[in-house]
Peer 1: 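Structure in structure tokens, see below.
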Amino acid sequence: MKKLLLLFSLSLLTSYGVFAQTDFELDTSQSMLMTGKGPGQDATINPFEGEDCYAVVKNTGKREFYIRVQKEGKIIEELTILKKEVKKVKLLKGYELYLDPNRDGKAKARVSYEKIEE
């Protein structure tokens, strides 16, 4: 019985690590890399890593914030996301997605990814 309980507990812990964090809260001075550097360095797990996809960013907070798409340190696109707004951003292979909070307060966001259907 103890072995069964231990096995069940281990399976729960293992499956917990598979789920990507999708909700984020950023302080005023905190910029966060969502994806683009690779496993262990990204804040989210992009299931389409290594291929073109869409990042879907929703503002779940009370203040606007900014998103930045970069490649090799060069800014490709900068967008403002208003309160409760959702933006779909094309991330090509090698692109990095950053969230930048508003200087007036904390930013809250939800990030997910979608495959590009051609």
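On a predicted model such as this, the values are computed, not experimentally measured, just so you know.
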Peer 1: Should L91 and L79 be counted in the same cluster of Ile, Leu, Val, Met, Phe, Trp and Tyr side chains packed under 4.5 Å apart?
Peer 2: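 Same cluster.
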Peer 1: Under a 3.5 Å distance rule, please check whether D52 uses its side chain to pair with a backbone N or O of K93 as donor and acceptor.
Peer 2: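 Here the side-chain-to-backbone pair exists.
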Peer 1: Please evaluate residues D23 and R110 with respect to the criterion salt bridge (charged side-chain N to carboxylate O under 4.0 Å, His left out), reporting the C-alpha separation (whole Å), side-chain torsions for both, the decisive distance (0.1 Å), and the verdict.
Peer 2: CA-CA 4 Å; D23 292 299; R110 179 171 294 137; 2.7 Å; yes
Peer 1: Just wondering, do Y95 and I76 contact through their side chains at under 4.5 Å, heavy atoms?
Peer 2: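 Yes - at least one pair of side-chain heavy atoms lies under 4.5 Å apart.
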Peer 1: Hey, does T22 have a side-chain heavy atom less than 4.5 Å from the side chain of V111?
Peer 2: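 Of all side-chain heavy-atom pairs linking T22 with V111, none is under 4.5 Å.
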Peer 1: Which heavy-atom pair separates Y66 from N102 by the least distance, and what is that distance?
Peer 2: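 Scanning both residues, the minimum pair turns out to be CE1-CA, 4.2 Å.
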Peer 1: At their closest point, which heavy atom of E114 faces which heavy atom of C53, and how far apart are they?
Peer 2: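 Minimum heavy-atom separation between E114 and C53: O-CB, 3.3 Å.
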Peer 1: Does a side-chain heavy-atom distance below 4.5 Å link V89 with V69?
Peer 2: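 Sidechains of V69 and V89: in contact.
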Peer 1: Might you point out which heavy atoms bring F65 and A107 nearest each other, and give the distance in Å?
Peer 2: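 Looking at all heavy atoms of both residues, the closest pair is CB-CB, 3.7 Å.
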Peer 1: Write down the atom of K62, the atom of K83, and the distance for their closest heavy-atom approach.
Peer 2: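 Closest heavy-atom pair between K62 and K83: O-CD, 3.5 Å.
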Peer 1: Considering residues, nucleotides and ligands other than K87, do more than 12 of their heavy atoms fall under 6.0 Å from its NZ?
Peer 2: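 Buried by this count: over 12 neighbours within 6.0 Å.
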Peer 1: Taking all atoms of both residues into account, what is the closest heavy-atom pair of A109 and L99, and its distance?
Peer 2: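 What the structure gives for the nearest pair is CB-CD1, 3.8 Å.
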Peer 1: Mind checking whether E64 and I81 have side chains closer than 4.5 Å, heavy atoms only?
Peer 2: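 No, their side chains stay 4.5 Å or more apart.
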Peer 1: Does K84 reach the side chain of N59, with side-chain heavy atoms less than 4.5 Å apart?
Peer 2: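 No, side chains not in contact.
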Peer 1: Does the Lys NZ or Arg CZ of K88 fall within the cation-pi geometry relative to Y54 - under 6.0 Å from the ring centre and within 45° of the axis?
Peer 2: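 Judged by the rule, K88 and Y54 form a cation-pi pair.
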Peer 1: Side chains of R68 and Q70, heavy atoms from C-beta outward: is any pair under 4.5 Å?
Peer 2: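 Answer yes - side chains close enough.
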Peer 1: Report yes if the side chains of L97 and V57 come closer than 4.5 Å at any heavy-atom pair, otherwise no.
Peer 2: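 L97 reaches V57 side chain to side chain.
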Peer 1: Are L82 and Y98 linked, directly or through intermediate hydrophobic residues, by side-chain heavy-atom contacts shorter than 4.5 Å (ILVMFWY only)?
Peer 2: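 Different clusters.
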Peer 1: Carefully, step by step, assess K115 and E51 under the rule salt bridge (charged side-chain N to carboxylate O under 4.0 Å, His left out).
Peer 2: CA-CA 9 Å; K115 185 176 180 96; E51 58 185 279; 3.6 Å; yes
